[in-house]
Amino acid sequence: QVQVVESGGGLVQAGGSLRLSCAASGRTFSSYSMAWFRQAPGKEREFVAAITWSGGRTYYANYADLAKGRFTISRDNAKNTMYLQMNSVKPEETAVYYCAADILPRGSRTRYEYDYWGQGTQVTVSS
């Protein structure tokens, strides 16, 4: 079993920054990947970014704004912690942000390929 716990959510003004953290514990794997998803009220859970643990390869959702580098995913192997740095946030990015772990290092954008999920952390962006 792997446990993942998110933290760092909260209320932020539009244009501000926030850093989410996801701490992993329990059974560890020599190679796996972790990701951030988000779910806004009334919407499907959507992929934000993923990172492979061993190689540090990163994958981002194909949203135009994300591709411009507003969000950055990273990890600290020594702390078994993953981060999502969110800059220039927008009100439409208000959502519950979830951390997920996949036992395979594939950096998938598909939620169904992730084996372990956290409870989520609320991010609210005020206009």
Side-chain angles (χ1 to χ4, degrees):
Q1 278 294 91
V2 174
Q3 292 82 41
V4 291
V5 179
E6 306 94 337
S7 62
L11 176 64
V12 60
Q13 288 190 332
S17 297
L18 206 61
R19 189 177 80 157
L20 306 182
S21 299
C22 174
S25 62
R27 179 184 174 186
T28 57
F29 304 93
S30 59
S31 62
Y32 60 103
S33 55
M34 296 184 71
W36 290 100
F37 287 77
R38 65 187 180 189
Q39 187 166 17
K43 294 188 176 181
E44 293 290 319
R45 191 170 299 187
E46 63 182 9
F47 172 78
V48 176
I51 189 167
T52 59
W53 213 250
S54 58
R57 296 183 64 181
T58 58
Y59 307 83
Y60 290 93
N62 295 323
Y63 315 137
D65 284 345
L66 284 176
K68 293 179 183 177
R70 291 192 306 114
F71 289 12
T72 302
I73 190 171
S74 62
R75 91 275 193 233
D76 184 330
N77 289 11
K79 296 181 178 179
N80 281 336
T81 301
M82 174 180 68
Y83 304 97
L84 183 69
Q85 178 67 42
M86 305 166 60
N87 297 327
S88 301
V89 293
K90 304 177 180 181
E92 56 264 37
E93 291 171 329
T94 292
V96 178
Y97 283 69
Y98 295 92
C99 169
D102 178 2
I103 62 173
L104 297 176
R106 48 192 165 183
S108 174
R109 292 176 169 83
T110 303
R111 58 181 287 194
Y112 302 107
E113 293 183 338
Y114 287 83
D115 306 287
Y116 303 98
W117 290 84
Q119 293 300 308
T121 185
Q122 176 71 48
V123 172
T124 302
V125 183
S126 63
S127 57

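Excluded from the calculations below are hydrogen atoms, water molecules and symmetry mates; all remaining heavy atoms, backbone and side chain alike, are included.
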Contacts of Ser74 that satisfy side-chain hydrogen bond (donor to acceptor under 3.5 Å, both in side chains) - sequence neighbours left out:
none

When the ring centroid of Phe37 is compared with that of Tyr114, is the distance short of 6.0 Å?
yes

Residues that Thr52 engages under side-chain hydrogen bond (donor to acceptor under 3.5 Å, both in side chains), provided they are two or more places apart:
none

Picking from Gln39, Arg111, Arg38, what satisfies side chain to side chain donor-acceptor pair (under 3.5 Å) with Glu46?
Arg38

How long is the straight-line distance from CG of Leu84 back to OH of Tyr97, given to the nearest 0.5 Å?
7.5 Å

Non-neighbouring partners of Arg109 that pass side-chain hydrogen bond (donor to acceptor under 3.5 Å, both in side chains), sequence neighbours left out:
none

Sidechain-backbone polar pair: Ser108 side chain, Thr110 backbone, donor-acceptor under 3.5 Å
yes

Inter-residue atom distance Thr58.OG1 - Phe71.CZ, 0.5 Å rounding
14.5 Å

What residues form a side-chain contact (heavy atoms from CB on, under 4.5 Å) with Thr81, not counting sequence neighbours?
Ser21, Ala23, Lys79, Tyr83

Are any side-chain N or O atoms of Gln85 and backbone N or O atoms of Thr72, one a donor and one an acceptor, separated by less than 3.5 Å?
no

Return the minimal non-hydrogen interatomic distance between Asp76 and Trp53, and the atom names on each side.
O-CZ2, 4.1 Å

Got a sec, which residues hit side-chain contact (heavy atoms from CB on, under 4.5 Å) with Val96, two or more places apart in sequence or on another chain?
Tyr98, Gln122

Mind listing the closest non-hydrogen atom pair of Gly10 and Leu18 along with its distance?
N-CD2, 4.1 Å

Give the minimum heavy-atom separation between Ser17 and Asn87, together with the two atoms involved.
OG-OD1, 3.0 Å

Distance in Å, Phe47 CZ paired with Trp36 CH2, rounded so as to fall on 0.5 Å steps
12.5 Å

Could you state the interatomic distance from CD (Gln3) to SG (Cys99), rounded to the nearest 0.5 Å?
12.0 Å

Of all the heavy-atom pairs spanning Ile51 and Met82, show the shortest one and how long it is.
CG2-SD, 3.9 Å

Rounded to the nearest 0.5 Å, the OG atom of Ser33 sits from the CZ atom of Arg75 at a distance of 12.0 Å

Would you confirm whether Thr124, through its side chain, and Thr94, through its main-chain N or O, come within 3.5 Å as a donor-acceptor pair?
no

Which residues pass the side-chain hydrogen bond (donor to acceptor under 3.5 Å, both in side chains) test with Asp115, sequence neighbours left out?
none

What one should report as the nearest heavy-atom pair of Ser127 and Pro91 is CB-CG, 3.8 Å

Any side-chain heavy-atom pair from Tyr32 and Asp102 closer than 4.5 angstrom?
no

Heavy-atom nearest pair, Val4 first then Cys22, reads CB-SG, 3.7 Å

Do Met34 and Leu104 share a hydrophobic cluster, counting only Ile, Leu, Val, Met, Phe, Trp and Tyr and linking them when any side-chain heavy atoms are less than 4.5 Å apart?
yes

Please check: side-chain N/O of Arg106 versus main-chain N/O of Glu113, any donor-acceptor pairing under 3.5 Å?
yes

Quick check: do Met86 and Val123 have side-chain heavy atoms less than 4.5 Å from each other?
yes

Keeping the roles fixed (side chain from Glu6, backbone from Gln119), state whether a donor-acceptor pair exists under 3.5 Å.
yes

Any side-chain heavy atom of Tyr59 sitting closer than 4.5 Å to one from Ile73?
no

